[in-house]
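Numbering of ligands and ligand atoms starts at 1, following listing order. We number each residue from 1, following the sequence as shown.
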Amino acid sequence: MKLLRVILAAALLASLLLPSFASAQEGSSLYVKKVENLPEDFIFGMDISSVLAEEKSGVRYYDFDGKETDLFRLLADSGINTIRVRVWNHPYDKDGNGYGGGNCDIGAATEIGRRATENGMRLLVDFHYSDFWADPGKQMPPLAWKDMAIEEKTEAVYQYTKDCLEQMKAAGVDVCMVQVGNETNQYLCGEKIWFNIQYLMQAGAKATREVYPDALVALHFANPEKADSYLTYARKMEYYQVDYDVFATSYYPYWHGTLENLSQVLSEIASAYGKKVMVMETSYAYTAEDTDFSANTIGDGGGIIKDYPFTPQGQANCLRAITDTVANRTGGAGIGVVYWEGAWITVGGASWEENHEKWEKYGSGWASSYAAAYDPADAGKYYGGSAVDNQALFDAQGHPLESLRVFSLMRTGNEIAPTADALEDVSLICDLNAPLSLPAAVNAVMTDDSRQAIPVSWDFTEEMDRQMHDSGPEKYEIRGLAGGMEAKCFVSMVEYNYLADYSFEENSGAWTFTDLGHTDELKIEDKKSDSLTGTRHAHFWSAARDSVEFTLEQQVKDLPEGNYRFTVSIMGGDGGDTDIYAYVRVNGEIAATAPLTITYYNDWHTASTPAFSAPAGAEVTVGVYVKCQGAGNGAWGKIDDAMLNSVR
Ligand code: CA
């Protein structure tokens, strides 16, 4: 009851300031934990550099009531206070065909800035100092500047920045921040050494101070997971006395490390160099599906880190966690979070060809084929549509997702009763000779990011079960239904090894040597060239004759009732007369053995015991007994890859 009153009071207060703000949060199904200590002027930004090209391509945006709306109006009503826009010097070929990515020259950027200002939002200007995309792997200078020496290029950066910002000023654009370069990890505008790069940064900063003295100057880097690189960048800037206010970073959670790391590296830079910090670009997927026939940077698989489900609620929880980190875990230096291209949705055609026509004509894809004139190796080859349509805060038809409300709701909180939002996938490893039992419940990811087990029914027949057991080692995906959502269980049918640390790689203490003679060396050795697999194995050696006698054993924990065989490999030399065998003890009695031998270096011998049965709860130990008379300098050997497999 009290919570409801607070929300209503906040909505009422907001409605006095922004008439449609209230509708953006009343009755939202989005769970949002309030971010504490958010300053009034905390930057909630959105990069919408593609918007003009999108609109020209026929894309329409709608408000939460389903009415067509100006995207800028909707964003302002949804708690976005800053629009970010990239600026390319001349993204056109010699015939005037746009390279795409919104064809963001200063004209487009100024128009975006004008509309932002008109709707009460400020503008964050992102100079790439390139004719097209600049990022850590690509910092090509504009064609017009490509033969310039550093002095001339410095002057060009200064003059260009000044001209651009003056155009914006003349158009009445409210610029709050200017970033000098985009993701400038070690490169900027074709320059590759800090000594030159810093001149360009200084020139951009100088022009900004002159035209917009109240605007902040930002430098923008990527890959915060490489904390040492970040500290180097900040140190270089300090060394060259580069004039800037904000150390900004991209943070794409799939690739860019933990929030703990982000917090640490930004806090360290903020306190050591007295800078403000922010997340300049971020985004998260609401679906793995592509909607415009042009591949996305993120989908299912690909070994990415996926801390939240790909749902609008997952987007919201991710953004909330990032915002909380910037606002509360950077020593008070965090000033904002900008979402990257949250409205770059499909241009709506029913095929690649239909969309391609619009991408070419209006520049609404990430690159057009014309970009070959500037960037033949990448854009000119892989041109296409939006690579982030599944990371938008809008659906494919232009309707806002519930996640767009997160910006407003982070200020007020919307801590409603959690409901199930998605299901966690289940992964199982099953012994080919053991029954497969699928779990009766799966974890639901709740809207508040907690987990709750819910019952599941699997689409799994006896016939499937039989086939999976008969088809050898193989991977399967089994579907089911839980709480009205599709559940997935990934099953690997394997010849399961019941031993711990079977290849001695973990050196975990699972194995025990017992010296029965006077063996000089008995140890787990790390030497790849002497291992059957991996880098470690069990090693023995003695200088004297008649001294090698030992066992190497593992006691098997919780072995299910069944039939098994034990397999192990050995190589060695200078053995003389030997007595070597693998063995199994069940409840103290030898249940099976298999003879082994050593010959010479790298001649591995593998032995498997006959099958033996282990009753339920039996004490089972596997081991190798080695006794060598020795020849010459005495015996030596290596034991590796022990396996305890079930047999039918
Ligand atoms: Ca796409």
J.: Can you name the side-chain contact (heavy atoms from CB on, under 4.5 Å) partners of Ser29, sequence neighbours left out?
T.: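 Scan of Ser29 (side-chain contact (heavy atoms from CB on, under 4.5 Å), adjacent residues dropped) gives Glu402.
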J.: In terms of the angle between their ring planes, are His256 and Tyr251 parallel, tilted or perpendicular, with boundaries placed at 30° and 60°?
T.: tilted
J.: Sorted by first residue and then second, give each salt bridge (Lys or Arg N to Asp or Glu O under 4.0 Å) pair with at least one member in residues 340-357; sequence neighbours left out.
T.: Arg86-Glu341
J.: Parallel, tilted or perpendicular: which fits the ring planes of Tyr233 and Phe221, with parallel below 30° and perpendicular above 60°?
T.: parallel
J.: Salt bridge check: are Lys138 and Asp375 linked by an N-O gap of less than 4.0 Å?
T.: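 Asp375 and Lys138: salt-bridged.
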J.: Please give me the protein atoms (N, O or S only) lying under 3.0 Å from the Ca ion (ligand 1), ordered by chain and number.
T.: Asp290 OD1, Asp292 OD1, Ser294 O, Asn296 OD1, Ser386 O, Asp389 OD1
J.: Return a table of donor-acceptor pairs under 3.5 angstrom between the side chains of residues 483-493 and protein atoms on other chains or two or more places apart.
T.:
residue: Glu486; atom: OE1; partner: Arg479; partner atom: NH1; Å: 2.9
residue: Glu486; atom: OE2; partner: Arg479; partner atom: NH1; Å: 3.2

